[in-house]
**Q** 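Take this structure, written in structure tokens, and hold onto it; I'll ask about it next.
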Amino acid sequence: MTADPDLARDVDSRCRLTGEFTLRSGQVSHEYFDKYLFETDPTLLARVAAQMATLLPDEAGQLLGGLEMGGIPLVTALSAHTGLPALFVRKQAKDYGTNKLAEGPDVAGRTVVLIEDVITTGGAVRDATRALRDAGANVELVICAIDRSPAGGNPLADVGLEIRSVLTKADLDGVRS
Ligand SMILES: O=P(O)(O)OC[C@H]1O[C@H](OP(=O)(O)OP(=O)(O)O)[C@H](O)[C@@H]1O
Ligand SMILES: O=C(O)c1cc(=O)[nH]c(=O)[nH]1
């Protein structure tokens, strides 16, 4: 896969909103990347997924775990692009039916690469990592579309997780300057 030099510009122009937004973490921000605005465009979704594919480790047997809800379209597109199986990871297990948190193949003993839309503090990814590890999965890597966490750090270092991102906040700011 070749690089997609216009992706930052196209994603930014489609999904950056300005205003006052309360984030998942409780932080208040004057900017919000509304991932659904690029995920609902099949061409843009496929371009992001194609770049995610270049960030995947070259290993057999991986499961791609998309986090509810914005990670689900991404993981579905990435799974279709790569042929690797997907997992749909809920925020909370259902309390009826199969009672599963991770919908799809059994994760016990499997390596799961997490697929996420936006990382700000890493809280959502940390919760999913812990839940999947409790279920017996090996989780060491998250691939996200947009990493807007503070540059130069890794908010998920405390749980031993590597972050690979298609776009950083700096990439998105860079197309505006
Ligand atoms: O890194 P964090 O500080 O945890 O913030 C990022 C998370 O917040 C959003 O989730 P949200 O629950 O709003 O979204 P969704 O269900 O629409 O995906 C986003 O999709 C990430 O999962
Ligand atoms: O931190 C969040 O909740 C968040 C930030 C952002 O830019 N986009 C989003 O969907 N969630």
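Each ligand, and each atom within it, is numbered from 1 in the order the structure gives. Predicted, not measured: the structure shown is a model, and the values here were computed from it. Hydrogens, waters and symmetry mates are skipped; everything else that's a heavy atom, side chains included, is used.
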**Q** Considering non-hydrogen atoms of the protein only, which is the closest contact for atom 3 (O) of ligand 2, and what is the distance?
**A**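 Going by distance alone, atom 3 (O) of ligand 2 is nearest to Arg24 N, 2.9 Å.
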**Q** So Ile119 and Ser165, do their side chains get closer than 4.5 Å, heavy atoms only?
**A**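 When only atoms from C-beta onward are counted, Ile119 and Ser165 do not touch, as no gap falls below 4.5 Å.
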**Q** To which protein heavy atom is atom 4 (C) of ligand 2 closest, and what is the distance rounded to 0.1 Å?
**A**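 Here the nearest protein heavy atom works out to Tyr32 CE1, 3.7 Å.
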**Q** So, Asp173 and Lys169, do they make that salt bridge, N to O below 4.0 Å?
**A**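 Yes, Asp173 and Lys169 are salt-bridged.
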**Q** Heavy-atom contacts with Asp117 under 4.0 Å: which atoms of ligand 1 show up? List them by number with element.
**A**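 Numbered from 1, ligand 1 contributes 18 (O), 19 (C), 20 (O), 21 (C), 22 (O).
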**Q** Taking 4.0 angstrom as the limit and counting only heavy atoms of Lys35, give me the atoms of ligand 1 inside it, by number and element.
**A**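 This gives 9 (C), 14 (O), 15 (P), 17 (O), 18 (O), 19 (C), 20 (O) as the contact atoms.
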**Q** Regarding ligand 2, does Arg148 bring an N or O atom to under 3.5 Å of one of the ligand's N or O atoms?
**A**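 It does: an N or O of Arg148 is found under 3.5 Å from an N or O of ligand 2.
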**Q** With heavy atoms under 4.0 Å as the rule, classify the contact between Met69 and ligand 1 as side chain, backbone, both or neither.
**A**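 For Met69, the contact with ligand 1 is made by both the backbone and the side chain.
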**Q** Between Val118 and Arg148, is a side-chain contact (heavy atoms from CB on, under 4.5 Å) present by the stated rule, with each step listed?
**A** CA-CA 7 Å; Val118 178; Arg148 60 170 292 178; 3.9 Å; yes
**Q** Give the residue, atom name and distance (to 0.1 Å) of the protein heavy atom nearest atom 10 (O) of ligand 2.
**A**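 For atom 10 (O) of ligand 2, the nearest protein heavy atom is Lys35 NZ, 2.8 Å.
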**Q** Would you mind checking which non-hydrogen protein atom is closest to atom 3 (O) of ligand 1, with the distance to 0.1 Å?
**A**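 Looking only at protein heavy atoms, the one closest to atom 3 (O) of ligand 1 is Thr121 OG1, 2.5 Å.
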**Q** Taking only heavy atoms of Phe33, which atoms of ligand 2 are found under 4.0 Å from at least one of them?
**A**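 That gives atoms 6 (C), 7 (O), 8 (N), 9 (C), 10 (O) of ligand 2.
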**Q** Taking 4.0 angstrom as the limit and counting only heavy atoms of Gly122, give me the atoms of ligand 1 inside it, by number and element.
**A**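 What qualifies from ligand 1 is 1 (O), 2 (P), 3 (O).
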**Q** What part of Val118, side chain from CB on, backbone N/CA/C/O, both or neither, has a heavy atom under 4.0 Å from ligand 2?
**A**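 Under 4.0 Å from ligand 2, Val118 contributes side-chain atoms alone.
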**Q** Just to confirm my output: which protein heavy-atom neighbour is closest to atom 6 (C) of ligand 1, and how far is it?
**A**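 The answer is Val118 O, 3.4 Å.
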**Q** Determine yes or no for a side-chain-to-main-chain donor-acceptor pair under 3.5 angstrom, with Gln62 supplying the side chain and Pro57 the backbone.
**A**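 Between the backbone of Pro57 and the side chain of Gln62 there is a qualifying donor-acceptor contact (under 3.5 Å).
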**Q** Which residue and atom name correspond to the protein heavy atom nearest atom 7 (C) of ligand 1, and how close is it?
**A**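 Looking only at protein heavy atoms, the one closest to atom 7 (C) of ligand 1 is Arg24 CD, 3.7 Å.
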**Q** Distance check, rounded to the nearest 0.5 Å: Asp6 atom CG versus Arg47 atom CZ?
**A**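 Reported value, rounded in 0.5 Å steps: 6.5 Å.
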**Q** Between Arg14 (side chain) and Asp41 (backbone), is there a donor-acceptor pair under 3.5 Å?
**A**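 Absent.
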**Q** State plainly whether one hydrophobic cluster holds both Leu55 and Leu84, where clusters connect Ile, Leu, Val, Met, Phe, Trp and Tyr through side-chain heavy atoms under 4.5 angstrom apart.
**A**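 Yes, it is one cluster - the side chains of Leu55 and Leu84 are joined through contacts under 4.5 Å.
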**Q** Closer than 4.0 Å to some heavy atom of Gly123 - which atoms of ligand 1 meet that?
**A**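 Per the distance check, 1 (O), 2 (P), 4 (O).
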**Q** Should Asp158 and Arg126 count as an ion pair when the cut-off is N to O under 4.0 Å?
**A**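 Yes, Asp158 and Arg126 are salt-bridged.
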**Q** I need the atoms of ligand 1 closer than 4.0 Å to a non-hydrogen atom of Gly70, numbered in the order shown.
**A**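 This gives 18 (O) as the contact atoms.
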**Q** So, regarding Glu116 and ligand 1 (criterion: nitrogen or oxygen to nitrogen or oxygen, under 3.5 Å), is there a contact or not?
**A**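 Yes, Glu116 has an N/O under 3.5 Å of an N/O on ligand 1.
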**Q** Would you confirm whether Asn154, through its side chain, and Glu162, through its main-chain N or O, come within 3.5 Å as a donor-acceptor pair?
**A**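 Side chain of Asn154 to backbone of Glu162, a donor-acceptor pair under 3.5 Å: no, none is there.
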**Q** What is the nearest protein non-hydrogen atom to atom 16 (O) of ligand 1, stated with its residue, atom name and distance?
**A**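 Going atom by atom, the protein heavy atom closest to atom 16 (O) of ligand 1 ends up being Lys91 NZ, 2.7 Å.
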**Q** To the nearest 0.5 Å, tell me how far Ile143 CD1 sits from Ile163 CD1.
**A**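 Output value for this atom pair is 11.5 Å.
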**Q** For the pair Thr18 (side chain) and Glu31 (backbone), establish whether a donor and an acceptor sit closer than 3.5 Å, ignoring hydrogens and angles.
**A**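 It does not hold such a pair.
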**Q** What residue and atom, counting heavy atoms only, is the protein's closest point to atom 17 (O) of ligand 1, and at what distance?
**A**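 The answer is Tyr36 OH, 2.4 Å.
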**Q** For atom 1 (O) of ligand 2, which protein heavy atom lies nearest, and how many Å away is it?
**A**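 For this ligand atom, the closest protein heavy atom is Thr120 OG1, 2.7 Å.
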**Q** Can you pull out the closest protein heavy atom to atom 4 (O) of ligand 1? Residue, atom name and distance to 0.1 Å, please.
**A**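 So the nearest neighbour among protein heavy atoms is Ala124 N, 2.9 Å.
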**Q** With a 4.5 Å heavy-atom cut-off, do Thr121 and Leu23 have their side chains touching?
**A**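 Not touching, per the 4.5 Å side-chain cut-off.
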**Q** May I ask you to check whether Ile119 has an N/O atom sitting below 3.5 Å from an N/O atom of ligand 1?
**A**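 N/O-N/O distance under 3.5 Å: no.
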**Q** Do Leu64 and Val166 share a hydrophobic cluster, counting only Ile, Leu, Val, Met, Phe, Trp and Tyr and linking them when any side-chain heavy atoms are less than 4.5 Å apart?
**A**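 Linked, Leu64 and Val166 end up in one cluster.
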